[in-house]
S.K.: 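I'd like to ask some things about the structure below.
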Amino acid sequence: AQKVTQAQTEISVVEKEDVTLDCVYETRDTTYYLFWYKQPPSGELVFLIRRNSFDEQNEISGRYSWNFQKSTSSFNFTITASQVVDSAVYFCALSGKTQGGSEKLVFGKGMKLTVNP
Amino acid sequence: DAGVTQSPTHLIKTRGQHVTLRCSPISGHKSVSWYQQVLGQGPQFIFQYYEKEERGRGNFPDRFSARQFPNYSSELNVNALLLGDSALYLCASSSEGGIWQYFGPGTRLTVT
């Protein structure tokens with residue numbers, strides 16, 4: 001079975017600080033995907049990034065960057081120069097198979113980020 | 001194109017009642033998944049339907065059921081509501097039950 005652990009439950013930073021969100025996962029699948037989602041107070045899950053298990057290249061996209069390390073089963077996410085609008089709950093998720101062979105997402109418990117002006 | 005839509009937005013029910021939540025996927029998508037998000041937790045997978053057939057079921061009691069219609073919209077039904085069923089119910093659509101899942105705004109259910 002798949003499992004996602006987000007050890008941090010809540011982080012508070014001041015605007016313009018960099019913040020890294022940690023994610024550790026467990027899976028027996030050889031091929032899988034990892035995701036980060038943002039959930040603002042409105043409740044809708046907003047897709048941020050996706051990475052597949054074959055691609056450990058770390059990238060930067062605007063103020064977002066991620067560090068995928070298969071050897072330690074970690075998929076950390078960094079927001080550079082945080083802004084008040086980044087305040088939200090952030091979820092790390094892992095793909096898994098349903099009994100019928102389709103895909104489902106397994107989420108961590110989430111980490112609440114508060115960016116103060 | 002419209003995204004995933006869910007109705008109603010909010011709902012208040014009493015213990016023991018039954019509830020039906022509705023979801024319309026993105027046009028062209030044939031798969032719908034349902035997730036339950038209890039306050040302070042991450043979403044948990046409940047069901048997935050593809051082409052009107054159940055493709056997966058999470059660890060939820062038989063009080064939870066779902067179906068998918070010929071137009072690919074879906075209903076989630078919960079019988080004999082418990083206080084613990086209070087949650088945000090999220091629907092996600094994908095083209096063929098794949099990993100690109102697009103989430104709707106959710107239905108917030110409160111059971112009193």
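Quick caveat: nothing in here was measured; it's all calculated off a predicted structure. Note on naming: letters A, B, ... go to the chains in the order of the sequence lines (proteins, then strands), and numbering restarts at 1 for each one.
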S.K.: Rounded to the nearest 0.5 Å, what separates atom CD in B:Q44 from atom CG in A:L105?
M.R.: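 With rounding to 0.5 Å, CD (B:Q44) is 13.0 Å from CG (A:L105).
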S.K.: Quick one: does any side-chain atom of B:Q101 pair with a main-chain N or O of A:E103 as donor and acceptor, under 3.5 Å?
M.R.: yes
S.K.: Quick check: is B:W34 connected to B:L11 through a chain of hydrophobic side chains (ILVMFWY, heavy atoms under 4.5 Å apart)?
M.R.: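 B:L11 and B:W34: one cluster.
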S.K.: Hey, is NZ on A:K3 packed in by over 12 heavy atoms from elsewhere, all under 6.0 Å?
M.R.: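 No, NZ of A:K3 has 12 or fewer neighbouring heavy atoms, counting only those of other groups under 6.0 Å.
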S.K.: Kindly check if the number of other-residue, nucleotide or ligand heavy atoms within 6.0 Å of CG (B:L83) is above 12?
M.R.: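 Yes, because the 6.0 Å sphere around CG of B:L83 holds more than 12 heavy atoms from other groups.
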S.K.: Around B:N59, counting heavy atoms of other residues, nucleotides and ligands shown, do more than 12 lie under 6.0 Å from its CG?
M.R.: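 No, not enclosed.
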S.K.: Report yes or no: do B:L81 and B:I46 belong to one cluster of Ile/Leu/Val/Met/Phe/Trp/Tyr joined by side chain heavy-atom distances under 4.5 Å?
M.R.: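 They do share one cluster, since a chain of ILVMFWY contacts under 4.5 Å joins B:L81 to B:I46.
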S.K.: Considering only heavy atoms, which portion of B:Y35 lies under 4.5 Å from any heavy atom of chain A: side chain, backbone, both, or neither?
M.R.: side chain
S.K.: Just checking B:L82: does its CG atom have more than 12 heavy atoms from other residues, nucleotides or ligands closer to it than 6.0 angstrom?
M.R.: yes
S.K.: So if you build clusters from Ile, Leu, Val, Met, Phe, Trp, Tyr with side-chain heavy-atom gaps below 4.5 Å, do A:L113 and A:V4 land together?
M.R.: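 Yes; A:V4 is reachable from A:L113 via cluster members.
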S.K.: In residues 17-37 of chain A, which residues are in contact with chain B at a heavy-atom separation under 4.5 Å?
M.R.: A:Y33, A:F35, A:Y37
S.K.: May I ask you to name which of A:K112, A:K97, A:K109 has the most heavy-atom pairs under 4.5 Å with chain B?
M.R.: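 Of the candidates given, the most pairs with chain B belong to A:K109.
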S.K.: What are the two closest heavy atoms between B:P43 and A:F107, and how far apart are they?
M.R.: O-CD1, 3.4 Å
S.K.: Under 3.5 Å, side-chain donor or acceptor atoms of residues 38-49 of chain A against the rest of the protein: list the pairs with distances, not counting sequence neighbours.
M.R.:
unit_1 : atom_1 : unit_2 : atom_2 : d
A:K38  : NZ     : A:V85  : O      : 3.1
A:Q39  : OE1    : B:Q37  : NE2    : 2.9
A:Q39  : NE2    : A:G43  : O      : 2.7
A:Q39  : NE2    : B:Q37  : OE1    : 2.8

S.K.: If I take atom CD from residue A:Q2 and atom CZ from residue B:F45, how far apart are they, to the nearest 0.5 angstrom?
M.R.: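 Reported to 0.5 Å precision, the distance equals 11.0 Å.
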S.K.: Please confirm whether the backbone N or O of B:R55 pairs with a side-chain atom of A:T98, one donor and one acceptor, at under 3.5 Å?
M.R.: yes
S.K.: Give a yes or no on whether B:R15 atom CZ has more than 12 heavy-atom contacts from other residues, nucleotides or ligands under 6.0 Å away.
M.R.: no
